[in-house]
Amino acid sequence: MNKSENVVTRFAPSPTGYLHIGGARTALFNWLFARKNKGKFILRIEDTDRQRSKQEYVEDIIEALRWLGLHWDEGPIFQSQRLDYYNSIIERLLKEGKAYYCHCDPEELEKKKKEAMARGEKPRYDRKCRDLGLGPAPGAVVRIKAPLIGITQFKDIIKGNISVPNEELDDIIIRRSDGTPTFHLAVVADDIDMGINYIIRGDDHLNNTPKQIIIYQALNASIPKYAHIPLILGPDRSRLSKRHGAMPVLNYKEMGYLPEALVNALARLGWSYGNQERFTVEELIEKFSLERVGKSPGIFNAEKLLDLNAWHIRNSSDEYLAKELVPFIKKLGIQEVTEQDTIKLVSILKKRSKTLVEMAEKSLFYFGMDVEYEEDAEKNYLTPQVLALLSDLTDRISKLESFGQKNLEEVFIKFLDDHKIKLKEIAQAIRVALTGKTVSPGLFEMMEVLGKEKVVYRLKRAIEHIKRKTVME
RNA sequence: GGUCCCAUCGUCUAGUGGUUAGGAUACCGGCCUCUCACGCCGGCGGCAUGGGUUCGAAUCCCAUUGGGACCGCCA
């Protein structure tokens, strides 16, 4: 292969399920590799199995890839629309004597297979029709003529040299009796046609590769480079499936994860760059390489994703976060929320939130005039002892012209000094008055965000509350 | 069963013959401090086992064990 050749990669999911993190990572590696090398990334939908393929899954996959920011340069190309092309390839193989019609009865074959398994032999087609020179017939399939001797080998970028004795290979079916091409044929035909020169896919295809190389050879096509990435395993170390942890990628969106965080986590599962753990998408493109992908399978670590998400939230711009946060706040029933509101909230909440869901929940103190006191908070901090202090503080704050953190701090310094107390002694009471809770962002930044009107209102309400409580006792 | 692949803290990983085996996460302490968080400091915890090769193996070789994948008219 010459050096000027442009990299062309593809992600080729079959729409028989939603996109989960395994597929997403395969897509990511293909995308990163193409971007890194200024190449092309193609999206191809492998929907030759009409029974299992569903339109809703196509849509899910596309939406998930878009959300992750893995934009493709070509496609989506649907295999179901290219049947004529596959048939022309099959006809060519037939004509050149590299494939043949097989009339064997499927049930009989199945029986033989089971018997072979029972005897401890490898289940394989006995090649009965291989040299019979049969023609098309109802129920007939087309098989590839695999070489009988020798070895098929290739160098995988990640796994190294892989070789398989040809005796192990079968004359696999390339066209079903209904005339549709099988997976192996369609994949190879498409990859040749689309000029795919780097095939980056899951480890589960490692055993398929020799079978596909045989098709390449029969077609006299140049064989692409392969990179088989190790699988992502479930917590029980078995292949990731819907049952454990293999959530749809779009669920992470709903749970308040940033796509950048998921991309970061997925990239670091299998790929590494020294001791660096946290990457922006730009950094990943710059630093990604297939040589640094590990060989062993890994388990997806949700804790790490959470940490990464917190980091990406902390390091995102307020504007971006505000935009992303709005729908989450609305989901909590605050319909009147604006991006203006959230941008202020985000600035004080981004260091304290691991997800957008959490951030939305923490935003709630801002909305409405009244706050609801948590029972223990009210009992422990809204006490008669702080009544005079709160009254005086409210007076002082009411007189403030501009309501910035600086001004507030100045007022507090004077206030604390006059009363000979530490901030510590009154902070929690103020916090409860303003938020109803014992945990919140810093007092001054929070007051600035709330604005003078709400701060004074809530302080006065707390004072009234204490008075009322005192009288009742 | 056959073939192929894999094996460092619980998890993700760095490491390519000489390191007190490093980082991240989680967990536990401490500092900072108006609470929480952030940040900072410290701790816990690992080379699957057995043989070689070598002056010297996490690193190279073999075996064992364990795990995974594939063996479809699914992809």
Under a 3.5 Å limit for both distances, which nucleotide forms a Watson-Crick or G-U wobble pair with [N], could you say?
N	answer
B:G2	B:C70
B:G29	B:C41
B:A24	B:U11
B:C60	B:G52

Ring centre gap for A:His205 and A:Phe183 strictly below 6.0 Å: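 They qualify: ring centres under 6.0 Å apart.
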Establish, yes or no, whether a centroid distance under 6.0 Å links the rings of A:Phe29 and A:Phe288.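 Yes - the distance between ring centres of A:Phe29 and A:Phe288 falls below the 6.0 Å cut-off.
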Heavy atoms under 4.0 Å, any strand shown: does [X] hit a base, just sugar-phosphate, or nothing?
X	result
A:Gly298	sugar-phosphate
A:Pro441	base
A:Gly202	nothing
A:Thr180	nothing
A:Ser163	sugar-phosphate
A:Arg175	nothing
A:His228	nothing
A:Leu206	sugar-phosphate
A:Pro297	sugar-phosphate
A:Phe444	base
A:Arg292	sugar-phosphate

Please state whether the rings of A:Tyr226 and A:Tyr216 are parallel, tilted or perpendicular, taking 30° and 60° as the class boundaries.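 Ring orientation, 0 to 90° scale: perpendicular.
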Side chain of [X] only, heavy atoms from C-beta on: which candidate in [options] is closest?
X	options	answer
A:Asn275	B:U25, B:C34, B:A14	B:A14
A:Glu168	B:A75, B:G2, B:C5	B:G2
A:Glu277	B:C4, B:A37, B:G23	B:G23
A:Ile299	B:C34, B:C4, B:C12	B:C12
A:Asp307	B:A26, B:U11, B:C71	B:A26
A:Glu46	B:G23, B:A75, B:C73	B:A75
A:Asp204	B:U13, B:U35, B:A69	B:A69
A:Leu269	B:A75, B:G10, B:U13	B:U13
A:Lys354	B:A26, B:U35, B:A24	B:A26

Separation of atom [atom1] in [X] from atom [atom2] in [N], rounded to whole Å:
X	N	atom1	atom2	result
A:Leu109	B:C73	CG	P	8 Å
A:Ile232	B:U13	CD1	P	9 Å
A:Leu306	B:U25	CG	P	12 Å
A:Asn301	B:C27	CG	P	12 Å
A:Asn264	B:A24	CG	C1'	11 Å
A:Gln276	B:U25	CD	C1'	16 Å
A:Phe154	B:C4	CZ	C1'	9 Å
A:Leu423	B:C32	CG	C1'	15 Å

Report yes or no: is there a donor-acceptor pair, N or O only, under 3.5 Å between the side chain of [X] and the base of [N]?
X	N	answer
A:Asp49	B:A75	no
A:Lys304	B:C12	yes
A:Arg431	B:C34	yes
A:Arg352	B:C38	no
A:Ser177	B:C73	yes

Under 4.0 Å between a side-chain N or O of [X] and OP1 or OP2 of [N]?
X	N	value
A:Arg278	B:U25	yes
A:Ser272	B:A14	yes
A:Ser296	B:G68	no
A:Lys424	B:C34	no

Assess the side chains of A:Asp190 and A:Tyr86: does a donor N or O sit below 3.5 Å from an acceptor N or O?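 Per modelled atom types, A:Asp190 and A:Tyr86 side chains form a pair under 3.5 Å.
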Backbone N/O of [Y] and side chain of [X]: donor-acceptor pair under 3.5 Å:
X	Y	answer
A:Thr180	A:Arg176	no
A:Glu448	A:Gln405	yes
A:Glu168	A:Pro165	no

Can you name the closest pair of heavy atoms from A:Lys351 and A:Arg314 and give their distance?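 Closest approach of A:Lys351 to A:Arg314, heavy atoms only: CA-CG, 3.9 Å.
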Has A:Asp105 got more than 12 heavy atoms of other residues, nucleotides or ligands less than 6.0 Å from its CG?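 Buried by this count: over 12 neighbours within 6.0 Å.
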Nearest heavy atom decides the nucleotide; on that basis, is A:Arg25 or A:Cys104 closer to the 5' end of RNA chain B?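 Looking at RNA chain B, the more 5' nearest nucleotide goes with A:Arg25.
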Could you pick out which residue, A:Ser440 or A:His205, lies toward the 5' side of RNA chain B when each is mapped onto its nearest nucleotide?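 It is A:Ser440 whose nearest nucleotide is closer to the 5' end.
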